[in-house]
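Right, one structure below, let's go through it.
In the text below, chain A, chain B and the rest are named by the order of the sequence lines, each starting its count at 1.
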Number of protein chains: 2
Amino acid sequence: MPDSEQSPSKKERILDAAEELFALHGYDGVTLRQIAQQAEVDVALASYHFGKKRDVFEATFLRRAQIINDLRLKSLQQMQATQGDSLSVEDIVTAFLKPIQALQMNANPGWQNYCALVAYINSSAVWGKELMHRNFDPLVNRYMTALRQALPNATPEKLHWCYHYLSGALTLTMANTGRIDRLSEGRCHSDDFQTAYDLMIPFVTQGMLAVCGD
Amino acid sequence: MPDSEQSPSKKERILDAAEELFALHGYDGVTLRQIAQQAEVDVALASYHFGKKRDVFEATFLRRAQIINDLRLKSLQQMQATQGDSLSVEDIVTAFLKPIQALQMNANPGWQNYCALVAYINSSAVWGKELMHRNFDPLVNRYMTALRQALPNATPEKLHWCYHYLSGALTLTMANTGRIDRLSEGRCHSDDFQTAYDLMIPFVTQGMLAVCGD
DNA sequence: AGTTAAATTCAACAGCTGTTGAAAATCAAG
DNA sequence: CTTGATTTTCAACAGCTGTTGAATTTAACT
């Protein structure tokens with residue numbers, strides 16, 4: 001049963017609605033009834049398909065997580081194929097950020113909502129971080145390995161803190177909160193992902209070299 | 001009526017409890033009854049003192065906002081007094097980050113909770129950002145002015161994006177989520193603010209110079 | 001068409017939510 | 001102590017919450 005060119009099933013509509021609402025208001029700021037209403041579906045259907053409310057949230061998170069991981073893995077491998085086996089810091093940072101930039105510039109609004117959802121989970125202090133650890137950290141460790149090779153004199157501690165800063169800048173950008181629009185009085189736009197990521201690459205690259213370089 | 005060396009009033013206990021719980025679970029993840037229970041106070045007292053639930057949240061946010069602004073303003077002025085009128089990028093970044101580092105390393109746990117609360121608001125996509133704009137952006141603009149002088153060839157757009165990256169790295173650090181502990185398998189600690197901010201300064205400084213330097 | 005399973009809705013539940021008006025307690029001042 | 005104001009509690013409200021079991025519709029297959 002091909003699902004291309006086909007209106008999304010009710011099950012998928014529930015995840016679409018959950019994706020948007022959870023990203024905007026967080027886990028506790030959304031009710032199953034709001035999700036059902038936006039998906040034009042009965043309240044009980046979410047429980048039937050996914051179980052408890054937390055399972056709805058997890059299903060929303062898991063639906064696209066593997067796709068992002070695959071894109072980022074391919075991005076790193078392709079960079080290694082074209083640039084040789086020893087990558088520069090800029091190569092690694094570029095490989096890490098470009099897939100996210102492409103997703104957020106995508107016409108499909110689902111990916112924008114999903115990126116904001118991941119940002120919400122990443123900056124959440126409670127149970128959400130366990131989801132991040134299980135689903136994203138294995139891939140992040142591949143990038144950490146590449147960084148260790150590009151910066152052989154750096155301590156693991158410094159490398160992790162540098163990734164932490166990258167993660168923070170990336171998270172706030174993915175969250176797409178509109179803060180920069182206000183602060184810059186309209187000169188910058190939260191959804192100008194072209195500029196956001198193109199400038200983030202040299203920023204993070206030189207930051208890492210400053211902290212971890214020889 | 002002096003309030004030093006005096007056990008905190010019930011009104012203050014409510015704000016202390018709200019500070020901790022809102023920082024941990026977000027606005028919708030906390031009920032007035034939970035706040036009242038932690039403050040060992042009746043439910044209705046929060047409404048009596050502050051009004052609606054949103055007013056409790058705003059009061060929690062406003063209680064310490066001006067103190068942070070004053071500290072940061074003094075920090076910038078002191079840097080200008082000692083370093084002369086033309087500050088380096090590193091001076092400005094240092095003046096911006098050091099007060100927060102001091103607050104989070106403070107023995108008073110209230111400030112740690114408050115820093116996490118500010119991080120929550122800053123990465124929230126909804127009404128919270130208005131609070132940030134009104135209470136923090138005036139001070140941030142003073143720092144932006146200093147940065148414009150230190151980087152005269154940078155466009156305002158690039159400068160704002162650089163501050164955005166700084167803000168992201170800072171927000172994730174203030175949030176103190178424990179993510180870095182997991183990813184680094186115990187090598188780094190979210191609450192090692194000494195290392196966190198000492199490394200953030202060169203990271204952000206060189207990032208800004210790379211994007212906005214000549 | 002008939003049968004079986006899956007998908008979807010309906011109806012209802014016990015429990016919790018923010019909020020408020022009245023009662024009670026505490027405090028300040030004469 | 002009496003008075004009046006402020007603070008704190010009590011009790012209750014209407015409305016919303018997640019969840020579930022039964023009923024109904026839709027789909028799949030013979």
Side-chain angles (χ1 to χ4, degrees), chain A residues 1-63 117 120 124 126-128 131, chain B residues 1-63 117 120 124 126-128 131:
Chain A
M1 41 180 101
D3 57 359
S4 62
E5 297 296 339
Q6 188 173 327
S7 79
S9 70
K10 298 198 173 186
K11 190 173 175 181
E12 282 165 341
R13 288 217 310 270
I14 291 174
L15 290 182
D16 290 339
E19 193 168 59
E20 180 178 340
L21 292 172
F22 280 140
L24 207 51
H25 302 103
Y27 177 77
D28 296 291
V30 177
T31 72
L32 292 177
R33 282 174 168 83
Q34 290 175 292
I35 295 174
Q37 183 176 5
Q38 175 149 333
E40 296 180 280
V41 148
D42 188 84
V43 205
L45 196 56
S47 298
Y48 168 74
H49 276 304
F50 304 105
K52 311 276 182 192
K53 181 186 180 185
R54 181 160 302 192
D55 300 321
V56 177
F57 186 84
E58 283 207 24
T60 308
F61 175 77
L62 291 174
R63 177 168 63 152
L117 178 66
Y120 162 77
S124 134
V126 280
W127 51 271
L131 276 179
Chain B
M1 44 180 101
D3 58 358
S4 62
E5 295 297 338
Q6 189 172 327
S7 80
S9 70
K10 298 198 175 188
K11 190 174 175 180
E12 282 165 343
R13 289 217 309 269
I14 291 174
L15 291 182
D16 290 339
E19 194 169 59
E20 179 178 340
L21 293 172
F22 280 141
L24 208 51
H25 303 104
Y27 178 78
D28 296 291
V30 177
T31 73
L32 292 177
R33 282 174 169 82
Q34 289 176 291
I35 295 174
Q37 183 176 6
Q38 175 149 334
E40 295 180 280
V41 149
D42 188 84
V43 206
L45 196 55
S47 298
Y48 168 74
H49 277 303
F50 305 106
K52 312 275 182 192
K53 182 185 179 184
R54 181 160 302 191
D55 299 321
V56 176
F57 186 84
E58 283 207 23
T60 309
F61 175 77
L62 292 174
R63 177 168 62 151
L117 179 66
Y120 162 77
S124 134
V126 280
W127 51 271
L131 277 178

Donor-acceptor contact present, side-chain Glu20(A) to main-chain Ala17(A), <3.5 Å | no
Ile35(B) CD1 to dG18(C) C1': how many Å, rounded?
-> 11 Å
Enter the distance from Arg13(B):CZ to Leu15(B):CG here, rounded to the nearest 0.5 Å.
-> 11.5 Å
Report yes if the distance between the aromatic ring centroids of Phe57(A) and Phe22(A) is under 6.0 Å, otherwise no.
-> yes
Expressed in angstrom and rounded to an integer, what is the separation of Lys53(A) atom NZ from dT17(D) atom C1'?
-> 9 Å
Pair Arg63(A)-Asp16(A), salt bridge (Lys or Arg N to Asp or Glu O under 4.0 Å): steps then yes or no | CA-CA 10 Å; Arg63(A) 177 168 63 152; Asp16(A) 290 339; 2.9 Å; yes
Between Ser124(A) (side chain) and Tyr120(A) (backbone), is there a donor-acceptor pair under 3.5 Å?
-> no
Value in whole Å for how far the C1' atom of dT19(C) lies from NZ of Lys52(B) | 6 Å
Nucleotide by nucleotide, nucleotides 7-16 of chain D touches protein heavy atoms under 4.0 Å in the pattern (B base, S sugar-phosphate only, - none) BBBB-B----
Contact class for Val30(B) (heavy atom, under 4.0 Å): base, sugar-phosphate, or nothing?
-> sugar-phosphate
Euclidean distance, Glu19(B) CD relative to Ile14(B) CD1, rounded to 0.5 Å | 13.5 Å
Whole-Å distance, His25(A) NE2 to dT17(D) P, equals 13 Å
